[in-house]
Amino acid sequence: MNKLVSIEEIVPIMKEQMAEGGKVSFTPKGNSMLPLFRSDRDVVTLSPPRFPLKKYSIVFYQRKNGQYVLHRLVGKKESGYIMRGDNQYQNEYGIMEEQIIAVVSEFVRNGKSHYITDKGYRWYCIFWSRTMYLRKMYKILRHMAGRMKRKISGYKSR
């Protein structure tokens, strides 16, 4: 039986499982990791983190404001890890090891399991991370084209 619980209720259980070397699966919410994870549809499996983390790992961590986040590791500096959601264009700096709860080891999409060690997945990570600026430019141009089209057609918003 599946039960809907808030992330705040389940994190202590997750931390306990991670401390014992166990795994935890859950369905993520939100769109920051689109197109990889679809909100309320895909299932991710978390495993205990092994430091230092590898670039392109997907990390479950707690921000300093208390919010729990699932984002990709895109770099590391002396001040901490650099994270970014696949569907975002801003990096988040200064994530420390003590904030990291777990890493994604696999995910299920449309009933099929995908492992982070799969070559296809690794290629996706590299491609998606390196094309961020191209995707951002495309989004801006598409938005501008839509505004121009509405202006030319005389459409007025309310």
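Predicted model, so just to flag it, every value in this text is computed and none were measured.
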### Query
Around atom CD of Gln67, are there more than 12 heavy atoms of other residues, nucleotides or ligands at under 6.0 Å?
yes
### Query
Met83 and Ile100: which non-hydrogen atoms are nearest, and at how many Å?
CE-CD1, 4.3 Å
### Query
Does Lys139 NZ have over 12 foreign heavy atoms under 6.0 Å away?
no
### Message
Hydrophobic clustering (ILVMFWY, side-chain heavy atoms < 4.5 Å, transitive) - are Ile101 and Ile58 grouped together?
### Response
yes
### Task
Please answer: with hydrophobic residues joined when any side-chain heavy atoms are less than 4.5 Å apart, are Val103 and Ile95 in the same cluster?
yes
### Taking every non-hydrogen atom, the tightest pair across Met18 and Ala102
SD-CB, 3.7 Å
### Query
For the side chain of Gln99 and the backbone of Gln62, is there at least one donor-acceptor N/O pair under 3.5 Å apart?
yes
#### Entry: Spacing of CG belonging to Asp118 relative to NE2 belonging to His114, to within rounding of 0.5 Å
8.0 Å
### Query
Going through the distances and angles, do Met33 and Arg72 end up as a side-chain contact (heavy atoms from CB on, under 4.5 Å)?
CA-CA 8 Å; Met33 285 301 291; Arg72 185 176 307 283; 4.0 Å; yes
### Query
What is the minimum heavy-atom distance between Gly22 and Pro48, and which atoms define it?
O-CD, 3.3 Å
### Query
Crowded around Arg41 CZ? As in, over 12 foreign heavy atoms under 6.0 Å?
no
### Message
Does Tyr89 have more than 12 heavy atoms from other residues, nucleotides or ligands lying within 6.0 Å of its OH?
### Response
yes
### Query
What closest approach, in Å, do Arg84 and Asn91 show between heavy atoms, and which atom pair accounts for it?
NH1-OD1, 2.6 Å
### Summary
The complete set of ring-ring contact (aromatic ring centres under 6.0 Å, His included) pairs with one or both residues in residues 27-65, sequence neighbours excluded, reads Phe26-Phe60, Phe37-Phe107, Phe60-Tyr68
### Query
Any sub-3.5 Å donor-acceptor pair from Glu9's side-chain atoms to Ser6's backbone N or O?
yes
### Qualifying residue, where the test is side-chain hydrogen bond (donor to acceptor under 3.5 Å, both in side chains) with Thr45 and the options are Ser113, Ser105, Ser25
Ser25
### Query
Which pair of non-hydrogen atoms, one from His71 and one from Ser32, has the smallest distance, and what is that distance?
NE2-OG, 3.1 Å
### Query
Given the rule that I, L, V, M, F, W and Y join up when any side-chain heavy atoms are under 4.5 Å apart, are Leu36 and Ile116 in one cluster?
yes
### Task
Determine, using the 4.5 Å side-chain heavy-atom cutoff (strictly less than), whether Leu53 and Leu70 are members of one ILVMFWY cluster.
no
## Note on the structure
In this structure, SG of Cys125 is separated from NZ of Lys55 (nearest 0.5 Å) by 11.0 Å
### side chain to side chain donor-acceptor pair (under 3.5 Å) involving Ser57 - partner list, sequence neighbours excluded
none
### Task
Tell me whether Val69 is reachable from Ile7 by hopping between hydrophobic residues (I, L, V, M, F, W, Y) whose side-chain heavy atoms are closer than 4.5 Å.
no
### Message
The test is side-chain contact (heavy atoms from CB on, under 4.5 Å); show your working for Val44 and Thr27 and say whether it passes.
### Response
CA-CA 6 Å; Val44 298; Thr27 303; over 6 Å; no
### Message
Contact between Tyr81 and Glu97 at the side-chain level, heavy atoms closer than 4.5 Å - yes or no?
### Response
yes
### Message
Looking only at the side chains, is there a donor atom on one of Asp86 and Tyr124 sitting less than 3.5 Å from an acceptor on the other?
### Response
yes
### Query
Is the NZ or CZ atom of Arg135 positioned over Trp128's six-membered ring, under 6.0 angstrom from the centre and within 45° of the axis?
yes
### Task
Taking Ser153 for its side chain and Arg150 for its backbone only, find out whether a donor-acceptor pair lies under 3.5 Å.
yes
## Note on the structure
Residue set satisfying salt bridge (Lys or Arg N to Asp or Glu O under 4.0 Å) with Lys136, at least two apart, ordered chain then number -> none
#### Entry: Steps toward side-chain contact (heavy atoms from CB on, under 4.5 Å) verdict (Gln88, Gln90)
CA-CA 6 Å; Gln88 296 182 324; Gln90 294 253 265; 5.7 Å; no
### Message
When you compare the side chains of Arg38 and Asn110, does any donor N or O come within less than 3.5 Å of an acceptor on the partner?
### Response
yes
### Task
Using atom types as modelled and distance alone, determine if a side-chain donor or acceptor of Asp42 lies under 3.5 Å from a backbone N or O of Arg109.
no
### Message
Test side-chain contact (heavy atoms from CB on, under 4.5 Å) on Lys23 and Leu46; report intermediate values, then the result.
### Response
CA-CA 6 Å; Lys23 294 183 178 186; Leu46 302 176; over 6 Å; no
